[in-house]
Structures are given as C-alpha cells and as structure tokens.
Amino acid sequence: MKIKKLVVNSLQEAVEEVRALYGSQAVILSTRVVRQKLLPFLPFPSRSKLEITVGIPDTEDFAQELKKEENLYQEINRLKENLREVMEFVKKQRIEKEEVKKDELEGEYSIRALYLMNKLINRGVSRDVAQKIVESACGYDFELKRLDLKGENLDSLVEGFGKNIKLIENFVEEEGFRVITLLGPTGVGKTTTVAKLAHLLKSRGKKVGLITIDSYRVGAVEQLKTYASIMELPFRTADTPYRLRECIGELSSMDLVLVDTGGRSHYNEIKVKELVPFFTKLPALEAYITLSANTEERVLYEAIESFSVVEPAGLIFTKLDETNYYGTVINVAFRTQLPLLCLTTGQRVPEDLVMASHEYLAKIFLEG
C-alpha cells in the first residue's frame, strides 16, 4: 500500500479529490487540521486547512507477491515429494542390501548358525561382530555344504566368545601387592563397584584397603567410608597425589588397595587429565575403565579414549539390569580388544557383581 498526503479545504473536497485522483479503492487513513500561511514570507495572516493521509492499495505489487508466495508453496511441495521419493529409494536400497546379505549368509551358514547369529544381533551385537563370533564356533559340514556349529548353542557361543572376547583371568587369585583403581564418567557406579570388589576379595581371604580421591561429589567419602566400616576394612582419603602415595604406603601390608575416583565428564579434557598426577609411576597399578552398559556405543568409545590417559588394564561394565541390548558390551570388547574384568547387574552390595566369563556372557544372550 502506498501512502499519500493532501491538503484540502474540507472533508467533502477531500473525498471527491481522492476518488478523482486515486480511484474508489483508496481510503482516507487519517485527518488533521493545519494552519497554512497566505504568504510564505509573512508570519501572518494564516488560515485553517485539512491535511489528509490517503492509503492507495498497490494491487499490482500485491498480486505479484501473492504469485511469488504461491510459487514458493509449490516449490516446497515439490521438494517434499522429491524427499519422499529419495527416502523411499534409500529404504528400498537398504532392504535390498539386507536381503542380499541375508541370502549370502543363508548360502554360507546352516540354520543353527544363523539362529545363533540372530540371537546376538537382536541383543545389539553388530552384524559383522556376530558373524565373526559365530563363524569362530563353526566347522564346515560337507553334507550341508555350509558352515555349521560344532556343538550345542551354549557350547558354541562359549567357544565363539572365547576366541574373540578377552577376559581378566585369575584376578582374585593373583599374588603380590596391587593397586586397583576404577576410572570412568559420572554416574556409572564406580563407588558401589569398588565396594562389591572389596567384599569379593575379602571373602576370598585377601587383605584389602580402600582409598577415595573423590573429594568433589557430595557424600562420596561418607559412602565408601560406610562400606569400609561395615566390611571392617581400613579406609583412607587422599585429596592430592602426594597424599595418595602416603596412603598407599600406610596400606602396603594389604594384598590389594582399591582406589575410588571421582566421576568426570569424558568431554572435559582438563578434569580428566587431573587424574594423571595421581597415578603416574604408582607401583603395581591396574586401572579399569568403568562404563554403563545402557550407554550409546559411540559414547563408550569416546569415554575409553578420554580415560586412557592412564593406561587401562581392562573394562568393567555396570547396569546390565537396565538394558535389554547388552550387545554393546560385546561390540566394545571386540573392537577395543580390552579384556573384561566384571559386570554388575544391580545396586545391591555385594550381591550384584559377576566376574566376567564366556559362560556367563553366552547365557545372558541365550537365556536373558
């Protein structure tokens, strides 16, 4: 809409002039009385005039804008249709690829082997990892002309895991003074896992001491101190690397010293690197990266990379009870080739702890 101003003698004159100049679609938007000099160079005399503001619809521009808007909506609809076609094509390609892969596998493996492979895949094991594990438990059947399991499902899965998943063996039975520490992100359950391991080791006749360097989290010291009191274990608190060495020296008569660390975001590089001075050149150190089994797999790899500022001896997975897709445990152990120490299946201390074994892994995939 265009705006024009006119100065007239009366409202009636304004209406007639607006209609004559701009047509019937023009509208008077506002009026006001102004004083107009008879002679511009004299301060007087003056007379009253009426100033009107006229709105003139720009019909041509409006039509063009409307046309542009219609064209834009049409273009959007065309893009939506194209996107829908692309998505359908990608979906079809993926299905065809899966069908081709499935057909290839059916021609290569027996029904029993495929069944076991699907058991793993349905629980979150990557297809390539599942294939590798099952293939490790197969032999060539000349009658079927396919790879077939050499034994029953459980025995075959145990064999497949045994050839591909590393474990920390003889953890409890190992002799000599050792310092065990658990590293990992916040909220994965390191403190309760330390308490569970302490109880297990004590029940097997080991002399165990507990140390916490978690001075950040509210109640962290009291939590582990309470566990230590219940289990009648010596307990120390260390807030500096020097104090940690002193505490380890005070507990050097123990078989093992378990060190609990504060949780840190693996995205906070500075906080993670604060751990390095605590564990540099410690004697007989074993550092285990503790991860939650219900975490997205790519986040687990990021955490492992971040906390590897202290050389890891292996992995601990917690919260298996909080997911039905614990195939990530197998994927991470297979791809990193870091050995598994133990798994936790709940918050109860000391009950919900299982030392990692190929038999246990096979059972949870076959039986849940």
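One is the number of the first residue; the rest follow in order along the sequence.
Between the CG atom in Leu338 and the CD1 atom in Ile289 there is a gap of 6.5 Å [rounded to 0.5 Å]. Between the CZ atom in Arg112 and the CG atom in Leu149 there is a gap of 4.5 Å [rounded to 0.5 Å]. In this structure, CE in Met117 is found 5.0 Å from OH in Tyr109, a value given to the nearest 0.5 Å. Atoms OG and CD1, from Ser126 and Ile330 in turn, are 11.0 Å apart once rounded to the nearest 0.5 Å. With rounding to the nearest 0.5 angstrom, the CG atom of Leu197 is 5.5 Å from the CG atom of Leu353. If you take CD1 on Ile316 and NZ on Lys196, they are separated by 10.5 Å, rounding to the nearest 0.5 Å.
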Pair Glu305, Tyr301 - check side-chain hydrogen bond (donor to acceptor under 3.5 Å, both in side chains), show working. CA-CA 6 Å; Glu305 182 179 6; Tyr301 294 123; over 6 Å; no

For side-chain contact (heavy atoms from CB on, under 4.5 Å), just list the numbers for Thr212 and Phe235, CA-CA rounded to whole Å, side-chain angles, deciding distance to a tenth of an Å, and then say yes or no. CA-CA 8 Å; Thr212 181; Phe235 174 78; 3.6 Å; yes

Would you check, one step at a time, whether the test side-chain contact (heavy atoms from CB on, under 4.5 Å) holds for Phe317 with Val332? CA-CA 10 Å; Phe317 276 94; Val332 172; 4.1 Å; yes

One pair to check against side-chain contact (heavy atoms from CB on, under 4.5 Å): Val259 and Leu182. What are the steps and the verdict? CA-CA 7 Å; Val259 181; Leu182 272 58; over 6 Å; no

Apply side-chain contact (heavy atoms from CB on, under 4.5 Å) to residues Asp260 and Tyr227 and explain how you reach the verdict. CA-CA 12 Å; Asp260 184 28; Tyr227 286 134; over 6 Å; no

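In this structure Phe161 satisfies the ring pair (Phe, Tyr, Trp, His ring centres under 6.0 Å) test together with Phe365, sequence neighbours excluded. Asp128 meets the salt bridge (Lys or Arg N to Asp or Glu O under 4.0 Å) test with Arg335; sequence neighbours excluded. The side chain to side chain donor-acceptor pair (under 3.5 Å) test applied to Arg245 returns no partner, not counting sequence neighbours.
Using a 4.5 Å heavy-atom threshold, the side chains of Glu174 and Glu286 count as touching. Side-chain atoms of Ile304 and Pro312, non-hydrogen and from C-beta on, never get closer than 4.5 Å to each other. Side-chain contact between Tyr288 and Leu315: absent, with no pair of heavy atoms (C-beta onward) separated by less than 4.5 Å. At a threshold of 4.5 Å between non-hydrogen side-chain atoms, the residues Leu275 and Leu183 count as touching. Between Leu340 and Leu361 there is a side-chain heavy-atom pair separated by less than 4.5 Å. Looking only at side-chain heavy atoms (C-beta outward), Phe279 and Val179 stay at 4.5 Å or farther from each other. Contact annotation: the side chain of Leu291 approaches that of Pro185 to within less than 4.5 Å [non-hydrogen atoms, C-beta and beyond]. The side-chain heavy atoms of Ile180 and Arg178, taken from C-beta on, include a pair separated by under 4.5 Å.
Not one N or O on the side chain of His199 forms a donor-acceptor pair closer than 3.5 Å with the backbone of Glu351. Panel note: side chain Ser308, backbone Glu311; no donor-acceptor pair is recorded below 3.5 Å. Between the side chain of Ser252 and the main chain of Gly249, a donor-acceptor pair closer than 3.5 Å is present. Side chain of Thr344 to main chain of Lys319: a donor-acceptor pair is present (N/O by atom type, distance under 3.5 Å, no hydrogens or angles). For the pair Asn122 (side chain) and Asn118 (backbone), a donor-acceptor distance under 3.5 Å is present. Judged by distance alone, the side chain of Lys202 and the main-chain N or O of Met231 form a donor-acceptor pair under 3.5 Å. Looking only at distances, no side-chain donor or acceptor of Thr290 sits under 3.5 Å from a matching main-chain atom of Gly184. Between the side chain of Asn170 and the backbone N or O of Glu173, no donor-acceptor pair lies under 3.5 Å. A donor-acceptor pair under 3.5 Å links the side-chain atoms of Asn331 to the main chain of Gly124, judged by distance alone. Side-chain atoms of Thr226 come within 3.5 Å of backbone N or O of Glu222 as a donor-acceptor pair.
Looking at Glu269 and Lys273, a side-chain N of the basic residue comes within less than 4.0 Å of a carboxylate O on the acidic one, giving a salt bridge. For Lys363 and Glu359, the salt-bridge test fails: no basic side-chain N is under 4.0 Å from an acidic carboxylate O. Residues Glu246 and Arg243 are paired through a salt bridge, judged by an N-O separation under 4.0 Å between the basic side chain and the carboxylate.
Using a 3.5 Å distance cut-off with no hydrogens or angles, the side chains of Ser30 and Thr53 do pair a donor with an acceptor. Side-chain contact check for Asp321 and Thr345: no donor-acceptor pair (N or O, by modelled atom type) lies under 3.5 Å. No side-chain N or O of Thr323 forms a donor-acceptor pair with one of Asn294 less than 3.5 Å apart.
Looking at every heavy atom in both residues, Ala228 comes nearest to Leu210 through CB-CD1, 3.7 Å. For the residue pair Ala313 and Pro339, the shortest heavy atom distance occurs at O-CG, 3.3 Å. Minimum interatomic distance between Ala130 and Val125 (heavy atoms only, all atoms of both residues): N-CG1, 3.6 Å. The shortest heavy-atom contact between Pro277 and Pro241 is O-CB, 3.5 Å. A pairwise comparison of heavy atoms in Ala113 and Leu147 identifies CB-O, 4.2 Å as the closest pair. Minimum interatomic distance between Leu167 and Ser357 (heavy atoms only, all atoms of both residues): CD1-CA, 3.6 Å.
Placement of Leu341 and Val188 in two distinct hydrophobic clusters is found when ILVMFWY residues are connected by side-chain heavy-atom separations under 4.5 Å, directly or transitively. The hydrophobic cluster containing Leu120 does not contain Tyr115, counting ILVMFWY residues as joined when their side-chain heavy atoms lie under 4.5 angstrom apart, directly or transitively. By the criterion of side-chain heavy atoms lying less than 4.5 angstrom apart, applied directly or through intervening Ile, Leu, Val, Met, Phe, Trp or Tyr residues, Leu157 is not grouped with Tyr325; the two fall into different hydrophobic clusters. Residues Ile211 and Val276 share a single hydrophobic cluster, defined by chaining ILVMFWY side chains whose heavy atoms lie under 4.5 Å apart. The hydrophobic cluster containing Leu366 also contains Tyr326, counting ILVMFWY residues as joined when their side-chain heavy atoms lie under 4.5 angstrom apart, directly or transitively.
Just one residue in the list Leu200, Val208, Leu201 forms a side-chain contact (heavy atoms from CB on, under 4.5 Å) with Arg204, and that residue is Leu200.
In the displayed structure, Gln347 atom CD is contacted under 6.0 Å by at most 12 heavy atoms of other residues, nucleotides or ligands. Heavy atoms of other residues, nucleotides or ligands lying less than 6.0 angstrom from CD of Glu152 number 12 at most. Other residues, nucleotides and ligands place more than 12 heavy atoms under 6.0 Å from the NZ atom of Lys206.
The aromatic rings of His266 and Phe307 are tilted relative to each other, their planes meeting at an angle between 30° and 60°.
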